[in-house]
There are 2 protein chains.
Amino acid sequence: MGIDKSLLSGSTAMLILRLLEDGDMYGYQMIEELAKRSDNTFALKAGTLYPLLHGLEQQGMVSSYYDSAGGAKMRKYYSLTKKGRGLLAEKKAEWQLFSSAVNKVLKGVSI
Amino acid sequence: MGIDKSLLSGSTAMLILRLLEDGDMYGYQMIEELAKRSDNTFALKAGTLYPLLHGLEQQGMVSSYYDSAGGAKMRKYYSLTKKGRGLLAEKKAEWQLFSSAVNKVLKGVSI
DNA sequence: ACACATATATAGATCTTCGATATATATTTA
DNA sequence: TAAATATATATCGAAGATCTATATATGTGT
């Protein structure tokens, strides 16, 4: 990966939901797409992604369906639900708050 | 707090080291200073901070000494070591890489 | 004297991610 | 045709980080 994995904590779900905002995707595709969009900074592991997707589905944030998409092998596609869009909006706001707070501390102020 | 605690994962040590860059501090002071500098976004718990400080000291990133600082009660001050400054520089670079990657994904690209 | 804020510390619970492993199909290479 | 590799989904146990709860002790204000 190249990045301290613990930094990812909590933001993985947001990133996955953000991918689905642009269209339905299957798991393996998310791993590749996330690596591509982050210039290979993120190398999400399958063992992380699938349990996360199952959890999001149970909470009603995403829905899934099987499709062979033109004769190839069967793939499980995930789709963002309305509830999921709401969660994504929350997570985005939270990320903005968090990252700007970190930058404030890094920038420093007079004691 | 107001922020998903898991977002803090991995960045807490960086924030603590950054505080010490501006001068020696004792634990309780760090909690207050971090809240202040982040506009109350970060509310670090004592149960998180002290084990973290002990770990950093064991790794030689910080050193400590007791001082009563003018008659008041005894406080345990922490000081950033040379090694700690090196770690801070690493963590800062990592944070820049991570946050810019997240922002890339959030911004989105054509599929 | 009593309550409260300050100050440090540890133990156990929870959450998230990872590495390892398992299974199965499609594609490429020898 | 057979073997190797890439694609694709899934689960389990280990590891790391933070939280809550709890414990202890000192200084300050009423």
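Computed from a predicted model, the values in this text were never measured in an experiment. A, B, ... follow the sequence lines: proteins, then strands. Residue 1 opens every chain.
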Visitor: CD of A/Gln59 versus C1' of C/dC15: gap in Å, rounded?
Guide: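 Computing the A/Gln59:CD to C/dC15:C1' distance gives 13 Å.
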Visitor: Tell me, please, which residues at least two apart from A/Glu57 pass side chain to side chain donor-acceptor pair (under 3.5 Å).
Guide: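 In terms of side chain to side chain donor-acceptor pair (under 3.5 Å), with neighbours along the sequence ignored, A/Glu57 is linked to A/Ser64.
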Visitor: Rounded to whole Å, how long is the line connecting atom CG of B/Leu56 with atom C1' of D/dG16?
Guide: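 Rounding to the nearest Å, CG of B/Leu56 and C1' of D/dG16 are 14 Å apart.
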Visitor: Could you state the atom-to-atom distance from CZ of B/Phe98 to P of C/dT17 in whole Å?
Guide: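 It is 10 Å, rounded to the nearest whole Å.
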Visitor: By side-chain contact (heavy atoms from CB on, under 4.5 Å), which residues pair with A/Ala46, not counting sequence neighbours?
Guide: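 Applying side-chain contact (heavy atoms from CB on, under 4.5 Å) to A/Ala46 gives A/Ile31, A/Tyr50.
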Visitor: Taking the side chain of B/Pro51 as its heavy atoms from C-beta onward, which of C/dT10, D/dC19, C/dT17 lies nearest to it?
Guide: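 Nearest to the side chain of B/Pro51 among the choices is C/dT10.
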Visitor: Side chains of B/Met61 and B/Leu88, heavy atoms from C-beta outward: is any pair under 4.5 Å?
Guide: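 SC-SC contact between B/Met61 and B/Leu88 ruled out.
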Visitor: In whole angstroms, how far is the C1' atom of D/dT9 from the CG atom of A/Leu52?
Guide: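 The distance from CG of A/Leu52 to C1' of D/dT9 comes to 14 Å, rounded to the nearest Å.
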Visitor: Using a 3.5 Å distance criterion without hydrogens, assess whether the side chain of B/Thr41 forms a donor-acceptor pair with backbone atoms of A/Phe98.
Guide: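 No, the answer is negative, given that no donor and acceptor are paired below the 3.5 Å cut-off.
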Visitor: Can you tell me the distance, in whole Å, between the CE atom of B/Met30 and the C1' atom of D/dT18?
Guide: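 Those two atoms, CE and C1', are 17 Å apart.
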Visitor: Under the rule for side chain to side chain donor-acceptor pair (under 3.5 Å), what residues qualify as partners of B/Tyr65, not counting sequence neighbours?
Guide: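 Applying side chain to side chain donor-acceptor pair (under 3.5 Å) to B/Tyr65 gives B/Asp24.
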Visitor: Using whole Å, report how far CD1 of A/Ile16 lies from P of C/dT16.
Guide: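 Atom-to-atom, A/Ile16 to C/dT16, this comes out as 14 Å.
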Visitor: OP1 or OP2 of D/dA17 sitting under 4.0 Å from any side-chain N/O of B/Thr48?
Guide: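 Checking D/dA17 against B/Thr48, no side-chain N or O comes under 4.0 Å of OP1 or OP2.
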Visitor: Check the distance between C/dC15's C1' and B/Lys45's NZ and give it to me in whole angstrom.
Guide: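 In whole Å, C/dC15 C1' and B/Lys45 NZ are 15 Å from each other.
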Visitor: Quick test of your reading: applying salt bridge (charged side-chain N to carboxylate O under 4.0 Å, His left out), list the pairs with at least one residue in residues 8-20 of chain A, sequence neighbours left out, ordered by first then second residue.
Guide: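 As it turns out, the salt bridge (charged side-chain N to carboxylate O under 4.0 Å, His left out) pairs with a partner in residues 8-20 of chain A, which skip direct neighbours, are A/Arg18-A/Glu21, A/Arg18-A/Asp22.
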Visitor: Between the protein and nucleotides 6-9 of chain C, which nitrogen or oxygen pairs come in under 3.5 angstrom?
Guide:
from  : atom 1 : to      : atom 2 : distance (Å)
C/dT6 : OP2    : B/Tyr28 : OH     : 3.0
C/dT6 : O2     : B/Lys73 : NZ     : 2.9
C/dA7 : OP1    : B/Tyr26 : OH     : 3.4
C/dA7 : OP1    : B/Arg75 : NE     : 2.5
C/dA7 : OP1    : B/Arg75 : NH2    : 2.0
C/dA7 : OP2    : B/Tyr26 : OH     : 3.3
C/dT8 : OP1    : B/Lys76 : N      : 3.1
C/dT8 : OP1    : B/Lys76 : O      : 3.4
C/dT8 : OP2    : B/Gly27 : N      : 3.2
C/dT8 : OP2    : B/Tyr28 : N      : 2.6
C/dT8 : OP2    : B/Tyr50 : OH     : 2.7
C/dT8 : O5'    : B/Tyr50 : OH     : 3.4
C/dA9 : OP1    : B/Lys76 : NZ     : 3.1
C/dA9 : OP2    : B/His54 : NE2    : 3.1

Visitor: Output the rounded distance in Å from CG (B/Leu49) to P (D/dT20).
Guide: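 In whole Å, D/dT20 P lies 14 Å from B/Leu49 CG.
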Visitor: Would you indicate, yes or no, if D/dA17 has its OP1 or OP2 atom less than 4.0 angstrom from a side-chain nitrogen or oxygen of B/Thr12?
Guide: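 Answer no for this pair, as no side-chain N or O of B/Thr12 is under 4.0 Å from OP1 or OP2.
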Visitor: What pairs with A/Asp39 under salt bridge (charged side-chain N to carboxylate O under 4.0 Å, His left out), at least two apart in sequence or on another chain?
Guide: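 For A/Asp39, the residues satisfying salt bridge (charged side-chain N to carboxylate O under 4.0 Å, His left out) (neighbours in sequence not counted) are B/Lys104.
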